[in-house]
Amino acid sequence: MTSAKAAKLRIAFLGDSITVGDGDAAARGWPSRLMALTSPTDGQTQCYNLGVGGDRIADVKARCASELAARLTGKEGTGVVVMIGINDALRAAAKDSCIPLDKAKIATDFAFILQTAKQYGPVIVVEPAPVLPDLKRGDGGMGSQIMSRLAEILIITDAVCAAHNTPIVHTLNKLIEDTSFIDSLGAGDGLHPTAKGYDRLADVVLLNELWTQFLDQCRSL
């Protein structure tokens with residue numbers, strides 16, 4: 001790293017199928033949209049999409065060190081974005097809504113991800129997007145249960161972020177109130193939006209001042 005202002009941004013996105021962009025006919029997802037909007041003309045960005053469909057927090061913990069090291073070691077203008085948790089909520093709801101989450105493990109695993117990511121530059125967390133009450137992918141009407149479990153998880157991850165001085169872009173409530181995003185979920189499977197929904201998710205992050213601050217910190221490395 002150097003104190004000179006980095007000309008290029010190299011941002012890695014850790015996450016699950018929402019980060020990958022499942023349901024997006026353009027096969028882009030929200031990370032590449034966000035980075036294109038961040039630097040629309042100069043071409044000075046690299047977007048490393050490290051989403052893996054079905055990953056829970058523990059899965060990202062297991063792979064984040066090697067994946068970030070392979071892409072960001074020794075480079076300038078680096079940073080890491082984390083969006084994870086919806087699969088923890090989905091699997092908890094699908095299994096049995098009466099079974100409690102392992103909150104201690106979630107907290108420990110999420111803290112590990114943040115600590116590991118911070119070895120490679122600034123880190124910002126993006127809150128998971130909402131799902132519809134009625135899903136079209138074999139989970140039936142479990143969307144409300146998933147959202148309930150996600151609310152429990154967000155209490156944990158918010159506390160971990162506070163303890164590790166990591167900013168969070170809160171997207172959930174904004175997207176719940178966003179007709180375009182909700183319509184996009186309806187046009188998809190209720191969990192993954194279509195391209196229009198990924199556009200809206202990218203817009204919500206882009207317009208948050210924490211995103212601008214994060215990029216400024218990345219550029220300063």
Side-chain angles (χ1 to χ4, degrees), residues 11-22 29-31 48-72 79-131 133 135 137-140 142-173 175-176 190-192 201 205 210 214:
I11 309 299
F13 292 77
L14 289 167
D16 49 39
S17 59
I18 305 300
T19 296
V20 172
D22 279 9
W30 66 273
Y48 297 105
N49 191 322
L50 306 182
V52 174
D55 262 14
R56 291 176 287 178
I57 292 170
D59 299 314
V60 174
K61 176 198 173 187
R63 65 182 173 85
C64 65
S66 60
E67 295 213 352
L68 293 175
R71 293 162 176 84
L72 302 182
V80 181
V81 183
V82 179
M83 178 197 273
I84 196 73
I86 194 65
N87 284 311
D88 296 82
L90 190 154
R91 295 189 189 187
K95 192 171 184 181
D96 186 334
S97 61
C98 295
I99 295 178
L101 293 163
D102 189 342
K103 296 181 180 181
K105 179 170 173 51
I106 289 173
T108 299
D109 289 351
F110 198 74
F112 180 91
I113 293 168
L114 298 186
Q115 291 166 343
T116 301
K118 286 188 177 186
Q119 298 176 41
Y120 300 96
V123 178
I124 190 167
V125 172
V126 176
E127 200 172 55
V131 304
L135 304 185
R137 49 185 304 280
D139 300 293
M142 293 179 56
S144 296
Q145 292 181 30
I146 294 169
M147 290 296 290
S148 177
R149 304 317 291 271
L150 181 59
E152 294 180 61
I153 292 167
L154 292 179
I155 291 172
I156 301 167
T157 55
D158 281 4
V160 172
C161 285
H164 291 270
N165 195 30
T166 303
I168 311 169
V169 176
H170 293 289
T171 63
L172 193 66
N173 289 335
L175 292 174
I176 287 173
L191 175 66
H192 304 97
L201 176 51
V205 178
L210 293 176
F214 165 73

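Residues satisfying the side-chain hydrogen bond (donor to acceptor under 3.5 Å, both in side chains) criterion with N87, sequence neighbours excluded, are absent altogether. Considering only residues two or more places apart in sequence or on other chains, F13 meets the ring-ring contact (aromatic ring centres under 6.0 Å, His included) condition with W30. With sequence neighbours excluded, the residues that form a side chain to side chain contact (heavy atoms under 4.5 Å, CB included) with T171 are V126, E127, V169, L175, L201, V204, V205. Under the side chain to side chain contact (heavy atoms under 4.5 Å, CB included) criterion, A69 pairs with T73, Y120, not counting sequence neighbours. Applying the side-chain hydrogen bond (donor to acceptor under 3.5 Å, both in side chains) test to T166 and every residue at least two apart in sequence or in another chain returns K118. Judged as a ring-ring contact (aromatic ring centres under 6.0 Å, His included), and not counting sequence neighbours, Y48 has no contacts. For P122, the side chain to side chain contact (heavy atoms under 4.5 Å, CB included) partners are F214, Q217, C218, L221, not counting sequence neighbours. R71 is linked by a side-chain hydrogen bond (donor to acceptor under 3.5 Å, both in side chains) to nothing, counting only residues two or more places apart in sequence or in another chain. For E152, the side-chain hydrogen bond (donor to acceptor under 3.5 Å, both in side chains) criterion is met by R149, not counting sequence neighbours.
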Side-chain donor-acceptor pairs of residues 155-164 under 3.5 Å, sequence neighbours excluded:
unit_1 : atom_1 : unit_2 : atom_2 : d
T157   : OG1    : I153   : O      : 3.3
T157   : OG1    : L154   : O      : 3.4

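In this structure, the separation between CG on L90 and CG on D16 is 10.0 Å, given to the nearest 0.5 Å. Note that the CD1 atom of I57 and the CD1 atom of I84 stand 6.5 Å from one another [nearest 0.5 Å]. Atoms CD1 and CG, on I106 and D88 in that order, are 5.5 Å from each other to the nearest 0.5 Å.
Of all heavy-atom pairs between G54 and R91, the closest is O-NH2, 2.7 Å. Summarising the geometry of L68 relative to A117, their closest heavy-atom pair is CD1-CA, 3.8 Å, with the distance given to 0.1 Å. Scanning all heavy atoms of the two residues, the minimum distance from P128 to L172 falls at O-CD1, 3.4 Å. Residues P167 and V123 approach most closely at CD-O, 3.4 Å, considering heavy atoms. Closest approach of A89 and L150 over heavy atoms only: CB-N, 3.6 Å. Heavy-atom minimum distance, A12 versus L50: CB-CD1, 4.0 Å.
For the side-chain hydrogen bond (donor to acceptor under 3.5 Å, both in side chains) condition, the pairs that include at least one residue of residues 50-65, sequence neighbours left out, are D55-R63, K61-D109, R63-E67.
The closest side-chain heavy-atom distance from L14 to T19 is not below 4.5 Å.
A donor-acceptor pair under 3.5 Å links the side-chain atoms of T108 to the main chain of A104, judged by distance alone. Put simply, the side chain of N49 never gets that close to the backbone of P31: no donor and acceptor are under 3.5 Å apart.
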Any chance you could lay out the side-chain contact (heavy atoms from CB on, under 4.5 Å) test for H192 and I18, step after step, and finish with the verdict?
CA-CA 6 Å; H192 304 97; I18 305 300; 3.5 Å; yes
